[in-house]
Amino acid sequence: MASSFRAFLNSPIGPKTTHFWGPVANWGFVVAGLADLNKPPEMLSGNMTSAMCVYSALFMRFAWMVQPRNYLLLACHASNETVQLYHFTRWAKSQGYLSGKKEEASPQ
């Protein structure tokens with residue numbers, strides 16, 4: 001038990017590296033997004049939500065391509081991408097972008 005814990009501490013993705021603390025800090029984005037689930041969609045920012053979607057998508061790719069692969073960062077940004085896309089959909093519906101009705105041209 002102690003040797004496996006020591007191996008984790010000294011591993012390339014252990015708590016002595018940014019490969020560990022970066023994702024831990026980024027889980028704050030996911031928690032904040034989950035806290036916003038109770039907000040009305042009119043209070044959400046479409047610009048910020050779309051920026052967070054792009055940010056998480058880019059860092060998911062980074063987490064996959066970096067060596068050693070950072071699965072903790074990948075999971076964090078995949079979770080954030082899911083939450084932010086849900087918020088973006090809520091915001092877009094509230095703004096009328098995703099309404100099923102097509103506006104018909106009015107006769108003049």
Side-chain angles (χ1 to χ4, degrees):
M1 175 73 171
S3 64
S4 62
F5 182 70
R6 184 171 292 138
F8 169 70
L9 282 176
N10 296 320
S11 74
I13 57 169
K16 293 182 179 179
T17 67
T18 59
H19 283 276
F20 179 80
W21 291 108
V24 168
N26 276 311
W27 279 102
F29 290 134
V30 179
V31 171
L34 291 173
D36 287 346
L37 289 175
N38 295 327
K39 282 187 177 179
E42 296 80 22
M43 291 189 65
L44 299 173
S45 167
N47 291 337
M48 188 64 202
T49 303
S50 60
M52 291 298 291
C53 287
V54 171
Y55 165 78
S56 284
L58 289 172
F59 271 90
M60 279 193 295
R61 184 186 184 285
F62 170 79
W64 186 255
M65 298 303 290
V66 71
Q67 292 299 323
R69 284 202 171 133
N70 195 335
Y71 295 110
L72 185 58
L73 185 65
L74 181 66
C76 167
H77 284 293
S79 300
N80 191 43
E81 185 76 16
T82 304
V83 170
Q84 296 302 329
L85 285 172
Y86 175 70
H87 285 314
F88 190 75
T89 303
R90 287 178 56 216
W91 173 82
K93 283 181 182 177
S94 75
Q95 299 297 314
Y97 291 119
L98 297 179
S99 62
K101 302 176 191 174
K102 292 186 178 181
E103 293 183 24
E104 297 179 16
S106 59
Q108 293 185 10

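Position 1 is the first residue of the sequence; numbering continues from there.
Screening residues 63-87 for ring-ring contact (aromatic ring centres under 6.0 Å, His included) gives Tyr55-His77, Phe59-His77 as the qualifying pairs, with residues at least two apart or on separate chains. For residues 77-97, there are no salt bridge (charged side-chain N to carboxylate O under 4.0 Å, His left out) pairs, not counting sequence neighbours. Sorted by first and then second residue, the salt bridge (charged side-chain N to carboxylate O under 4.0 Å, His left out) pairs with a member in residues 57-79 form an empty list; sequence neighbours excluded. Residue pairs satisfying the side-chain hydrogen bond (donor to acceptor under 3.5 Å, both in side chains) criterion with at least one member in residues 3-15, sequence neighbours excluded, are listed as follows: Asn10-Lys16.
Under a hydrophobic-cluster definition in which Ile, Leu, Val, Met, Phe, Trp and Tyr are linked whenever side-chain heavy atoms come within less than 4.5 Å, directly or via other members, Val83 and Met60 are assigned to different clusters. A single hydrophobic cluster is seen to contain both Leu37 and Trp27, as judged by linkage of ILVMFWY side chains at heavy-atom distances under 4.5 Å, directly or through other members.
No donor-acceptor pair under 3.5 Å is formed between the side chain of Thr49 and the backbone N or O of Gly46.
Partners of Val31 according to the side-chain contact (heavy atoms from CB on, under 4.5 Å) rule, which considers only residues two or more places apart in sequence or in another chain, do not exist here. For the side-chain contact (heavy atoms from CB on, under 4.5 Å) test, residues two or more places apart in sequence or in another chain that qualify with Pro15 are Phe8, Leu9, Phe20, Trp21. Glu42 pairs by the side-chain contact (heavy atoms from CB on, under 4.5 Å) definition with Pro40, Ser94, not counting sequence neighbours. Under the rule for a side chain to side chain donor-acceptor pair (under 3.5 Å), the partners of Asn70 that lie at least two apart in sequence or sit in another chain are His19. For Lys39, the salt bridge (charged side-chain N to carboxylate O under 4.0 Å, His left out) partners are Asp36, not counting sequence neighbours.
In this structure, CG in Leu34 is found 8.5 Å from OG in Ser79, a value given to the nearest 0.5 Å.
Residue Pro23 comes nearest to Leu72 through the heavy atom pair CB-CG, 3.6 Å, listed as atom of the first residue, atom of the second, then distance. Minimum heavy-atom separation, Asn47 to Ser50: O-OG, 2.9 Å. Across every non-hydrogen atom of Phe62 and Leu73, the tightest pair is CD2-CD2, 3.9 Å. Contact between Cys53 and Gln84 at its shortest, heavy atoms only, is SG-CB, 3.6 Å.
The other members of the hydrophobic cluster of Phe88, by chain and number, are Leu44, Trp91, Tyr97 (side-chain heavy atoms under 4.5 Å, ILVMFWY only). Connectivity analysis of hydrophobic side chains (ILVMFWY, heavy atoms under 4.5 Å, direct or indirect) links Val54 to Leu58.
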